Amino acid sequence: MTQQVKVPTVGESITEVTIANWLKKDGDVVKMDEVIAELESDKATFELTAPQAGTLKITKSKGEVVPIGTVICEIADGGATATAPTPTPTTKETKTETPSNQPMKATGAIKEMKVPAVGESITEVTISTWLKKEGDYVKLDEVIAEVESDKATFELPAEANGILRIVAKEKTTLPIGGLICKIEVTEGDAPAATTSAAPAPAAQAPAASSVSYAAGTPSPAAAKILDEKGIPAGQVAGSGVGGRITKDDAVKAQAAAPAKESKPAPAMAPPVITSGGTRGERREKMTSLRKTIAKRLVAVKNETAMLTTFNEVDMKPVMELRSRYKDQFKEKFGVGLGFMSFFTKAVCVALKDFPAVNASIDKDEIVYHDYCDVSVAVSTPRGLVVPVIRNAESLSMNQVEAEIVRLATRARDGKLSIEEMTGGTFTITNGGVFGSMLSTPIINAPQSAILGMHNIVERAVVKNGEIVIRPIMYVALSYDHRIIDGRESVSFLVRVKELLEDPGRLILGV
């Protein structure tokens, strides 16, 4: 029986994906649950596994953008015959199958290759890498370049046999429909076929055809990670088919690379000699992830009435409680007792008291949530990601700490799923770990508010008419004034302050 394989649902806001890479070829025999392809959305890369064993028939090519639910391949039962070796042809058969040995000749036709439409929201792409050189002979459907949008990297196949004439150089940004290259269409055999020595023995053909990629060639997802961290592909051992470097290979190499070697030597401009020494500068393209983050942050600033209110928290009660019980906590639950669990629980209580802070806008309606899905901002080598702690209001302190550790680890390893990064109702971000004293965090749309934590500094404050030294943290709440009034925002932040300065109230729920 033949089973159709469709693009699975990968998140409530995701309507389409890009086929980043086929890890198996058309006609290959695959095993059940074996990874056969890598798919990319605008938020993450994930793997597609075979739902049954059999022979693979690919119906959608690498680089295509396809809607959720689209059939991209089929797997037929009884694929064992696909591995049978091709019979060695006789001399007579060889003559009839190798038609011509006629020399390649130009037809006079020119095939112009333009940037294809790769998604309804994508208006431009960047030529990431040319895999063929100017003047090379290319075959129909042979991959000649890698093209990058703000959501995915895809491969560009040749649209004819012929001689390549490059128009847009690497790192050039083109609009959809822009001219990338031209192919001088030819007929007959490629130059290599006419000038090569005697053909290889037929017995070697199956071995040659079994390797899809040159060893050390990264997949598009892997190439992006290596490029962002400045790790040469030649330094990474590939575990994929034919030595192909997979996304997991790139993530591991990224984690193992020494800090001093994580970036290539900067391409410096010619030095300008002055009386004070040398001066230089360098330019580098923004990554697609960085461009997407930039666009979304600007959109939030432009589309919301964002304001920020501030307060300060005396952290001494939390620090004393943490110091008193952290060893017993670690011994009993196996996780450390940090500040994030106190803030998460305090936020959940305050969100119940002020539901507008936990709401969002959907067109002309306000959506209120009776649960607290708290997003936690995590900094990774590739950029900021915001995984979600589901139903944080129902979790204990140790469960919150364990979930934070799990999500942060998966984020830094590049293994977060779409489900783990979507659907939050409120966000907490901790700039204090980097030494920030005060900031105005930007709302994580479509949420309506975000709490910013900062560093803890001993300051002189007045307590009971006396000047005392206390560990103080400034906290900031950025909120959407369209649905959250000033009274609610200030009262919410005061409520969080009260709970942290008397943490026993978190336990008692008062």
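If you're wondering where the values come from, they're calculated on a predicted model, not measured in any experiment.
Put simply, the side chain of E393 gets close to the backbone of C372: a donor and an acceptor are under 3.5 Å apart. A donor-acceptor contact shorter than 3.5 Å is absent between the side chain of T18 and the backbone of E64. No donor-acceptor distance shorter than 3.5 angstrom exists from the side chain of D28 to the backbone of V30, with no hydrogens or angles considered. A donor-acceptor contact shorter than 3.5 Å is absent between the side chain of E146 and the backbone of L131. Distance alone, capped at 3.5 Å, places no donor-acceptor pair between the D77 side chain and the G54 backbone. A distance-only check finds a donor-acceptor pair linking the side chain of E401 to the backbone of G338 [under 3.5 Å].
The structure places CG of L451 at 7.0 Å from CZ of F343, a figure rounded to the nearest 0.5 Å. To the nearest 0.5 Å, atom OG of residue S360 and atom NE2 of residue H369 are 4.0 Å apart. Between the CG atom in N398 and the CD atom in E403 there is a gap of 12.0 Å [rounded to 0.5 Å]. Summarising the geometry, atom SG belonging to C348 is positioned 8.0 Å from atom CG belonging to L395; distances are rounded to the nearest 0.5 Å. Taking CG of L297 as the start and CD1 of I443 as the end, the distance is 11.5 Å to the nearest 0.5 Å. Here the straight-line distance linking atom OG of S478 with atom CG of N444 works out to 12.0 Å at 0.5 Å rounding.
Across all non-hydrogen atoms, the minimal contact from S448 to I484 is O-CD1, 3.6 Å. Closest non-hydrogen pair, E134 versus I166, comes out as OE1-N, 2.6 Å. The heavy-atom pair separating K352 from D370 by the smallest distance is NZ-O, 2.6 Å. The nearest pair of heavy atoms linking I483 to A356 is O-CB, 3.9 Å. Minimum interatomic distance between P355 and Y368 (heavy atoms only, all atoms of both residues): O-CD2, 3.8 Å. Residues G162 and I183 come closest through the heavy atom pair CA-CG2, 3.7 Å.
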### Query
Given D373 and I389, is the side chain to side chain contact (heavy atoms under 4.5 Å, CB included) satisfied, shown in steps?
CA-CA 6 Å; D373 282 354; I389 304 173; over 6 Å; no
#### Entry: Derivation and outcome, side-chain hydrogen bond (donor to acceptor under 3.5 Å, both in side chains), residues E74 and T2
CA-CA 7 Å; E74 297 176 349; T2 298; 5.4 Å; no
### Query
Could you walk me through whether M340 and M453 pass the side chain to side chain contact (heavy atoms under 4.5 Å, CB included) check?
CA-CA 9 Å; M340 282 300 297; M453 300 166 55; 3.6 Å; yes
### Message
Before you tell me yes or no, could you show the steps for T49 and V35 under side chain to side chain contact (heavy atoms under 4.5 Å, CB included), namely the whole-Å CA-CA distance, both residues' side-chain angles and the distance that decides it to 0.1 Å?
### Response
CA-CA 4 Å; T49 56; V35 178; 4.0 Å; yes
### Test log, rule side chain to side chain contact (heavy atoms under 4.5 Å, CB included), inputs I442 and I450
CA-CA 7 Å; I442 296 180; I450 179 172; over 6 Å; no
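With 3.5 Å as the limit, one finds a donor-acceptor pair spanning the side chains of N358 and T425. T173 and E124 share no side-chain donor-acceptor pair at under 3.5 Å.
Using a 4.5 Å cut-off on side-chain heavy atoms (C-beta onward), K415 and E420 make no contact. Taking the side chain as every heavy atom from C-beta outward, I144 and L164 approach each other to under 4.5 Å. Within the 4.5 Å cutoff, the side chain of V378 has no heavy atoms near those of the L407 side chain. When side chains are defined from C-beta on, I72 does not count as touching I58, because their heavy atoms never get closer than 4.5 Å. Looking only at side-chain heavy atoms (C-beta outward), I75 and L56 come within less than 4.5 Å of each other. No side-chain heavy atom of P446 sits less than 4.5 Å from a side-chain heavy atom of D362. Considering only heavy atoms from C-beta on, K24 stays 4.5 Å or farther from W22 through its side chain. S375 places a side-chain heavy atom less than 4.5 Å from the side chain of Q447.
Partners of K57 by salt bridge (charged side-chain N to carboxylate O under 4.0 Å, His left out), not counting sequence neighbours: none found. Legend: residues meeting side-chain contact (heavy atoms from CB on, under 4.5 Å) with A109, ordered by chain and number and at least two apart, are T107, V185.
Counting heavy-atom neighbours within 6.0 Å of K171 NZ, excluding the residue itself, gives a total above 12.
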